[in-house]
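Heavy atoms only: backbone and side chains are in, while hydrogens, waters and symmetry mates are out. Below, read A as the first sequence line, B as the second, and so on, with proteins coming before strands; counting in each chain starts at 1.
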Amino acid sequence: MIGFLKKDFFVLRKQLLTYAGILVIYAVVSVSGVWGPYVISAIVSLVTLMCPLSALSYDQMSRWDLYARSLPNGGRNAVLGRYVFTLLVCAASAAACILCSGLLSALGALKVSLLELLINHLATGVVGLLMAAATLPLCYKFGTERGRVLMMVVFVVVFAALIGGMALVGPSDGGGGASSGTAEVLLVSGVILLLLALAVGLLYGSYRLSLRIYLAKDL
Amino acid sequence: MNNEQAIEIRHLTKNYSGFCLSDVSLNLPAGTILGLIGENGAGKSTTIKCILNLIRRDGGEIRIFGLDNLKEEKAVKARTAVVFDECPFPETLSPALLGSVLSGACPGWDGKRYRALLEKFRLPEKKTVKEFSRGMKMKLSIAAALARDPQLLLLDEATSGLDPVAREEILDQLLEFISDGERAVLLSSHITSDLEKAADYVAYLHGGKLVLQGAKDELLSEYGRLACTRAQLAQVDPAFLAGQRTGQFQCEALVKRRREFRRLYPDLAVDPVTLEDIMVFTARGDQA
């Protein structure tokens, strides 16, 4: 499995550097006050979803799938490697965002609570993982071209559900987080961590499904 | 050469809409090279994919060194390496990075052997795959396959599109690979001249059916190429004819049992055949 994991990192090394560049741009934009600091978090969802899809796309282009399946346990290791890669890029992008936010906070450039921003990074990580869990089996089943279209559908559904959920919960106090009490922040953190565990669980279920699809596929 | 069978295929069947690989049975003894010939779409790749369980077969049985390829898939794949007609490695990787990837993906990977093969094939370690010519890509695929130290090597049209020098180099490598008598090669190709140089056995797939198989030298001595007039051809017992090409003035035919034919028809000239003759005449005979 390590070989498959390495391959994804090697193949996407330029893309990962590009995402690091985007993170810096987002950080600058957030400091300038154009979009606010929460925009940094977007990078976590973006990386978590786009990296595995790009890796899948490269595999299909180079016919790596055919080669992978010809190796002992190659099919299982290829799919497992892809999901571990997804988790790692999610964790790495969240860590990069946390580092970036910490740096901005230390420089006094943050206009919102650092804790709330960190929770936001985690929340977008959860969203990214949920979307990856929903999209990857579709891409294994239908290929990345149709999978990307289906990903957009998933994207719209997830965000519509989130916005709907927020509307149901009711409007926030509008204070940008500065007025949130510690208890409320802790509660939200707990919920996020619970959702993170749920997302990882769903990702595991998604892995089992993708594996079944992948191994049953005639190449 | 020992008596062990590297590949035993019995009644292999795979149905697609519009194509059917039907009832294919063949053997490949260890220490030999089997040339699988046939036109494009004859079922060569399908056979190889069935051996590796990359596609689900509809019937039949496949054993690799005595192991069932489905029940003991992992062990079979550990002994088997494949070279596809297209290089399957990501274009942005260099052979050095690829070696690092494959060392973690292929059990039994021998990095030293891989580097030695890269050197032997004069492949630069730092250039990316996309900068390689087709010949270089094929050599890289072969280096990656041999670095796994397989017992069975499957090559699916690996020499097509290569210049004669590169093909010769690859064929030499295959002959070296089987020289210990323990390993075997299944080489699928429609470049029959390659198989005439390297193969010990030949199997000919036509329209999804195995129409001919045997030791290459026996096949080449069994068949002959007859050139004669229409009137002469009309007198030949049809049982001798495996295929024919009839022109206005001259006819050509592929005759079976060449020695017996010569004895019965001493006035007719029968020349030696090539695998290509056998392939072309059999295919045309089928169309007639």
*Worked verdict on B:Val101 versus A:Trp64 for side-chain contact (heavy atoms from CB on, under 4.5 Å)*: CA-CA 12 Å; B:Val101 166; A:Trp64 170 263; 4.1 Å; yes

*Side chain, backbone, both or neither: which part of A:Met61 has an atom under 4.5 Å from a heavy atom of chain B?*
neither

_B:Glu119 atom CD, over 12 foreign heavy atoms within 6.0 Å_ = no

_Residue part contacting chain A, namely of B:Arg79, when any heavy atom lies under 4.5 Å_ = neither

*asked:* Which atoms of A:Lys217 are under 4.5 Å from chain B, going by heavy atoms: the side chain, the backbone, both sets, or neither?
replied: backbone

*Heavy-atom distance under 4.5 Å to chain A: side chain of B:Ser141, backbone, both or neither?*
neither

*Between the side chain of A:Arg63 and the main-chain N/O of B:Cys87, is any donor-acceptor distance below 3.5 Å?*
no

*Mind checking the CG-OG1 spacing from A:Leu71 to B:Thr80? Nearest 0.5 Å is all I need.*
11.0 Å

*Could you tell me which portion of A:Tyr58 (side chain, backbone, both or neither) has an atom closer than 4.5 angstrom to a non-hydrogen atom of chain B?*
neither

*Select one option (side chain, backbone, both, neither) describing which atoms of B:Leu93 are under 4.5 Å from chain A's heavy atoms.*
side chain

*Once you round to the nearest 0.5 Å, how far does CG of A:Asn73 lie from SG of B:Cys106?*
12.0 Å

*asked:* Are there over 12 heavy-atom neighbours, none belonging to B:Arg10, within less than 6.0 Å of that residue's CZ?
replied: yes

*Which atoms of B:Ser103 approach chain A - backbone, side chain, both or neither, heavy atom under 4.5 Å*: side chain

*Are the side chain of A:Lys6 and the backbone of B:Gly104 linked by a donor-acceptor contact shorter than 3.5 Å?*
no

*Residue among B:Ala144, B:Ser100, B:Gly108, B:Ala81 with most heavy-atom pairs under 4.5 Å to chain A*: B:Ser100

*Is B:Lys49 reaching over with its side chain to a backbone N or O of A:Leu219, donor-acceptor style, under 3.5 angstrom?*
yes

*In terms of heavy-atom pairs under 4.5 Å, which option from B:Leu97, B:Leu154, B:Leu52, B:Leu98 contacts chain A the most?*
B:Leu97

*Do B:Lys77 and A:Ser70 come within less than 4.5 Å of each other through their side chains, counting heavy atoms only?*
no

_Closest heavy-atom pair and its distance - A:Arg13, B:Thr92_ = NH2-O, 3.4 Å

*Are A:Leu66 and B:Glu86 close enough, and set up right, to give a side-chain contact (heavy atoms from CB on, under 4.5 Å), and what steps lead you there?*
CA-CA 10 Å; A:Leu66 212 55; B:Glu86 298 285 340; over 6 Å; no

*asked:* Any carboxylate oxygen within less than 4.0 angstrom of a Lys/Arg side-chain nitrogen, looking at A:Asp218 and B:Arg57?
replied: no

*Check: A:Pro72 and B:Pro107 side chains under 4.5 Å, non-hydrogen atoms*: yes

_Check: B:Phe84 ring centroid to A:Tyr67 ring centroid under 6.0 Å_ = no

_A:Lys7 and B:Pro90, any side-chain heavy atoms less than 4.5 Å apart_ = yes

_CG on B:Leu102 to CZ on A:Phe4, rounded to 0.5 Å_ = 8.5 Å

*Between B:Lys14 and chain A, which part of the residue has a heavy atom less than 4.5 Å away: side chain, backbone, both or neither?*
side chain

